[in-house]
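Notes for the one structure printed next.
Throughout, protein chains are lettered first and strands after them, A, B, ... in sequence-line order, and every chain is numbered starting at 1. Owing to the predicted nature of the structure, the values given are computational and were not obtained by experimental measurement.
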Amino acid sequence: MHETYEPALVEAAAQRYWDDTGTFRAVEDESRPKYYCLSMFPYPSGRLHMGHVRNYTIGDVISRYMRMQGRNVLQPMGWDAFGLPAENAAIANNLPPAQWTYENIATMKRQLKALGFGLDWDREVTTCKPDYYRWNQWLFLRMLESGVAYQKTGTVNWDPVDKTVLANEQVIDGHGWRTGALIEKREIPMYYLAITRYAQELLDDVQQLEGWPERVRTMQANWIGRSEGVTIAFPYQLQGAQGALKVFTTRADTVMGVTFVVVAAEHPLATHAAVSNAALAAFIDECKRGSVMEADLATMEKKGLPTGLAVTHPLTGAAVPVWVGNYVLMNYGEGAVMGVPAHDERDFAFAKKYDLPIQQVIDIAGQAYCMDGWQAWYADKGICTASGPYNGLDHQAACAQIATDLEAKGCGALQVQWRLRDWGISRQRYWGCPIPLIHCPACGVVPVPEKDLPVVLPDDLVPDGSGNPLQRYAPFVDCLCPKCGVAARRETDTMDTFVDSSWYFLRYASAGQDRAMVDGRVNYWLPADQYIGGIEHAILHLLYSRFWTKVMRDMGLVDLGEPFSNLLTQGMVRNAIYFRKPASGRVVYYNPTEVEVQTDDKGAPISARLKADGAPVESGGIGTMSKSKNNGVDPQSFIDRYGADTARLFMMFAAPPELSLDWSDEGAEGAFRFLKRLWKAVHTHVSAGAVMALDRATLTVADKDLRRLAHQTLAKVGDDYGRRRTFNTAIAAVMELLNAVSRHEATAPAARAVVHEALELAVTMLSPVVPHVTHTLWQALGHERAIVDEPWPAVDAEALQQEALTLVVQVNGKLRGQITVAVDADETCVRELALADPTVQRFVGALTVRKVIVVKGKLVNVVVA
RNA sequence: GCCGGUGUGGCGGAAUUGGUAGACGCAUCUGACUCAAAAUCAGACGCCAAAAGCGUGGGGGUUCGAGUCCCUCCACCGGCACCA
């Protein structure tokens, strides 16, 4: 063994051993309990970032720990390789997205290997390869047959200069990111997946997923958004024809307070009214240009214009004016809402702004309604008032009665409404999975026959930002109709990349299968025992994957209904932000490595300046590592300097996995120091020669204390890895153990044996986190078998035994002293010892002892007055 | 705006079921070693001059006892359906 820790040597040796022995190749084995540890696969953006390092280290620690627990572990990896950044890079570099993507994959794969993750690379999945995406296409066609996939129009951002559809992130303040042109909303035909068919099941099942964080389950349930209410029809006459304007409400009990209705700009009534009303037509145009994003919709100024039309209140027969509003969306519900200004905050503001009548119809005992301003209780459920036959009814009774009455008139029905909308998967983009359809002038839309799959995406085109290059590429577009044989046009829209990521975890389990999407191996490995990824995927990706799995189940392709048993959502990796804001021009961000921080004599930062010119820079606090803030740390240069183990150790030690993690050069340095200390401790110990077998009879009190600590630590670390998933506290516990080992006088043979055991346990406990250095240290401690193949050690119950306990004594809840008692001391004895303590005596003084609370094994609280 | 989360020393965090607040690490300070520096090792380290007192974002409450439970307010972060 070397005297000094040299990570480069140690890491190369361990990785060579794992490669040569095929350690991480997973083989199905019905006789052993499996463990499928899944991490969200990366988008191949160029190089790994610290977020990846964190994500995959968590997965690797869990995988290696479960392997030591005797589980047959599968830990695969792949590439979410389609998507917009490749097109942006193509525009910038004039290179095909495929080339950029495959180069990035090669780089990142090398980095993943350098980090020592125990991945089974034989199962690698790359979503931009035809052998993967052909099954997207295959399943899409099956979904079309079953009606899960269907066509309808959808709204997109249209850049009139580039004549292209933009993603939301490419629209900045309503203008195109490249052209600056004012973006228009356009309605185009698109394909949708009927996720709403599964709404109830997705909602019911998410409540059962006990291995998921409560917050993610709540977010999903809110997103699905089941609400029970009533659809109400407001009849109207228009050009002699009878019609009905439909709205949905969960507050049917307030229907007697309706004083107006608001329809979306695209609503047929709005279109009709605009024909003879230029101002209204202009307003509708303005609305159509507005954002479709929920966040914008919620915060923008609510505006409206009357149509001049009126509908009839179905219960009172009163005429209700119809308005057009910029905050009502055609795609949500019925594209119209009823206005009850007295009991809805948004309607109240709208009515105040446009001077519409406000009619209170709900009474809350002890509250007085006042029209001057909105108060929170106006929206509460109460007793109906000024509501004719419904007066005196509470919310539930009024809703039921009103629904019955509306139903009798043919003007309403009870309904369950979902916030969840069907999933639009069409993208007007090149770098994605082609939608396997052909447009025939005679037959219409014709699916590509199964034998012709996959529809291969040409991978040498270079997008230039103006439209989808597939549309101009004849070899792709020109085809023959599979039905009638005439010249036809291939669909050029591609699929949302969320499709690719909705089932890759099934494909890992069916690696190499070229005759089917999945095979029986899926039912061995799935569901994933642990899924790990960023909290930013808490809703969409996870919901789509759950939906996709259920669709495949209903087609008989898999047996499971939920793909992920346990979910761990890891926090962001953050770093300090420094910038300068010149009087003119834009803000310049400086990487923290370029900045020097001045501190006061307690170490608190007071100012910062740029190393290059010595002039001050401003601090922007701490933020998520990003290109735009220039505060990223490149894992590669860090690994080159300190090694993979230090990177892994710091990532696991600096914060619990669910919280955000702040990068710290000094902290990472500290992790490196700890590994050097560990190395030195083992080196010093083995250099001192052979060790006797542990003889429990010859141990001193100090030896017994160290043994107890070692086994207590073992129990804690196992619990932290397995149940709690708090790697930071596990590492801290091993650090404490190592501190105790280095303080231990180890010259006597028995003491050396205890130290040997403690070091073996420390090395074993750390091996999931720092597998390279522990691989070498385990050999140095005299073991033939590699540590990666060792089982997790058992706690020695005898080592945990102790004779005396220290209890704390409080007076009125404040810590005043400590007493040492025998483990089996009874309450009376503990109580007397506590009262006899001199400090306790001093604080009790002349006061009367009211009671004494004894918490077994913990503390005594003397209550005085 | 809506939904979800977070808030504890100079910093990251610990306190697992309501029971010793600040484990472990970083920074800082002191000392040892050194011609010197680095590295390493030892010690100190919530605030306050203080045995007392105060202290877990602010305010209020429940309790013998609250970082932990309840109410309320504030700040920051994630998601909001075409970024992935």
Watson-Crick and G-U pairing of RNA chain B, under 3.5 Å, as dot-bracket with | and [ ]: (((((((..(((......[....))).(((((.......))))).((.....))..(((((..]....))))))))))))....
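Every residue was checked against the ring pair (Phe, Tyr, Trp, His ring centres under 6.0 Å) condition with A:W158, not counting sequence neighbours, and none meets it.
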Protein-to-nucleotide contact annotation, 5' to 3' order, nucleotides 59-79 of chain B [B base; S sugar-phosphate only; - none; under 4.0 Å, heavy atom]: -----BS------------SS
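Residue A:S664 places none of its side-chain N or O atoms closer than 4.0 Å to OP1 or OP2 of B:C26. Between A:N728 and B:A14 there is a side-chain polar atom (N or O) within less than 4.0 angstrom of OP1 or OP2. Contact annotation: A:R673 does not reach the phosphate of B:C41 (side-chain N/O to OP1 or OP2, under 4.0 Å).
Spacing of P atoms, B:A50 relative to B:G10, comes out at 16 Å, to the nearest Å.
Ion pair A:R419/A:E294 flagged as a salt bridge, since at least one NZ, NE, NH1 or NH2 atom sits closer than 4.0 Å to an Asp/Glu carboxylate oxygen.
Glycosidic torsion of B:G9 falls within 90° of 0, placing the base in syn.
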Could you give the side-chain donor-acceptor pairs of residues 808-817 of chain A under 3.5 Å, partners two or more places apart or in another chain?
{"residue": "A:N812", "atom": "OD1", "partner": "A:V864", "partner atom": "N", "Å": "3.0"}
{"residue": "A:N812", "atom": "ND2", "partner": "A:V864", "partner atom": "O", "Å": "3.3"}

Acceptor/donor pairs from residues 78-89 of chain A side chains to any protein atom, 3.5 angstrom cut, sequence neighbours excluded:
{"residue": "A:W79", "atom": "NE1", "partner": "A:E124", "partner atom": "OE2", "Å": "2.8"}
{"residue": "A:E87", "atom": "OE2", "partner": "A:Y430", "partner atom": "N", "Å": "3.0"}
{"residue": "A:E87", "atom": "OE2", "partner": "A:W431", "partner atom": "N", "Å": "2.7"}

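The 12-atom threshold is not exceeded at CD of A:E827, counting heavy atoms of other residues, nucleotides or ligands nearer than 6.0 Å.
Put simply, the side chain of A:M651 reaches to within 4.5 Å of the side chain of A:W663, judged on heavy atoms.
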Pairwise N/O distances under 3.5 Å, protein to nucleotides 51-55 of chain B:
{"residue": "B:G53", "atom": "OP1", "partner": "A:R816", "partner atom": "NH2", "Å": "3.4"}
{"residue": "B:C54", "atom": "OP2", "partner": "A:K814", "partner atom": "NZ", "Å": "3.4"}

